[in-house]
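Please read the structure below before turning to the comments.
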Amino acid sequence: VIEDIEEVRKKFDSEFNNQRARFEDLETEIKEADKKRGETTENAILAQVYLTLGEKLYKAQNKLGALGSYEIALKLAPDNLVIRHRMGYIHTQLDNFEEARKYYEHVLAKRENFAPALAGLGLVIRREATQIDNAIEKDNKMDEAKRLIKKALDITPNLLDEDNESWWGVLGGLYRRQGRTELAI
């Protein structure tokens, strides 16, 4: 009986030590997760601050300053689609169409119906089209731009750009450039 009790005690001690080790591992994991969650929350708050600063700089006509703020915000919150959209818009305003396209396409790869990015990409394509001499190519680009802007407006009819202007004006301008005055109006 004493031997059986001793064997049960050894098994109990072994199991107890195993459970204690698992508990300590779980405790460590929880502490690491809390720390990471805290860092993520802090980064999200800081990213929002830089996003807001970027918006204010943009409204003050400091596009490069706004872009710098957005770049910092993006480092803090790399999955933030709004930051990427705003960076695309500024690059469009600076005629950096290739860079703008990268930001918009990244956003649309993550969320295909993100209306501001659809419209923004449409604007990039429209601006690229103005640099094309071949009439057929130019017209095809304009049609692609119209398709994207229309899709954005179907999703969000009151969609405004970063300058608080309606995307309907951009669409009207596209029609006007093609001599389709009735549709432009």
Shortest non-hydrogen separation from [X] to [Y] and the atoms involved:
X	Y	value
Leu118	Ala152	CB-CB, 3.8 Å
Ala117	Leu108	CB-CD2, 3.9 Å
Leu76	Ala47	CD1-N, 3.8 Å
Gly54	Ala66	O-CB, 3.2 Å
Ala129	Lys141	CB-CB, 3.5 Å

Is [Y] reachable from [X] through a run of I, L, V, M, F, W or Y residues, each pair having side-chain heavy atoms under 4.5 Å apart?
X	Y	value
Val82	Leu160	no
Leu64	Met87	yes
Val49	Ile72	no
Leu81	Tyr50	no

Taking [Y]'s backbone N and O only, do any of them form a donor-acceptor pair with [X]'s side chain (distance below 3.5 Å, no angle check)?
X	Y	answer
Asp139	Ala135	no
Asn96	Glu99	no
Thr92	Gly88	yes
Asp163	Glu165	no
Trp167	Pro116	no

Check: Applying ring pair (Phe, Tyr, Trp, His ring centres under 6.0 Å), which residue pairs with at least one partner in residues 98-129 are found, sequence neighbours left out?
Finding: His85-Tyr104, His91-Tyr103
From [X] [atom1] over to [Y] [atom2], what is the distance, rounded to the nearest 0.5 angstrom?
X	Y	atom1	atom2	answer
Leu123	Ile125	CG	CD1	10.0 Å
Arg101	Leu121	CZ	CG	5.5 Å
Leu174	Met142	CG	CE	5.5 Å
Lys138	Gln178	NZ	CD	10.5 Å
Asn140	Asn134	CG	CG	8.5 Å
Tyr89	Leu67	OH	CG	14.0 Å

Less than 4.5 Å apart, any side-chain heavy atom of [X] and any of [Y]?
X	Y	answer
Lys150	Leu153	no
Glu128	Ile132	no
Asn113	Lys151	yes
Lys10	Glu6	yes

Item checked: With Tyr70 via ring pair (Phe, Tyr, Trp, His ring centres under 6.0 Å) - residues at least two apart -> none
Notebook entry, point to check: Would Lys146 and Asp143 pass as an ion pair if we require N to O under 4.0 Å?
Noted result: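 Yes, this pair counts.
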Notebook entry, point to check: Can you tell which of Leu53, Leu57, Leu51 makes a side-chain contact (heavy atoms from CB on, under 4.5 Å) with Glu55?
Noted result: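 With Glu55 as partner, Leu53, Leu57, Leu51 yield a single side-chain contact (heavy atoms from CB on, under 4.5 Å), made by Leu51.
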Next item on the list: Evaluate side-chain contact (heavy atoms from CB on, under 4.5 Å) for Asn164 paired with Lys59, printing each intermediate quantity in order.
Entry: CA-CA 10 Å; Asn164 287 323; Lys59 288 185 191 314; 4.0 Å; yes
Note to self: Would you say CD of Gln19 has more than 12 non-hydrogen atoms from neighbouring residues, nucleotides or ligands within 6.0 angstrom?
What the structure shows: yes
Next item on the list: Take Tyr58 and Gln93, measure what side-chain contact (heavy atoms from CB on, under 4.5 Å) needs, and give me the verdict at the end.
Entry: CA-CA 11 Å; Tyr58 181 80; Gln93 299 303 313; 3.8 Å; yes
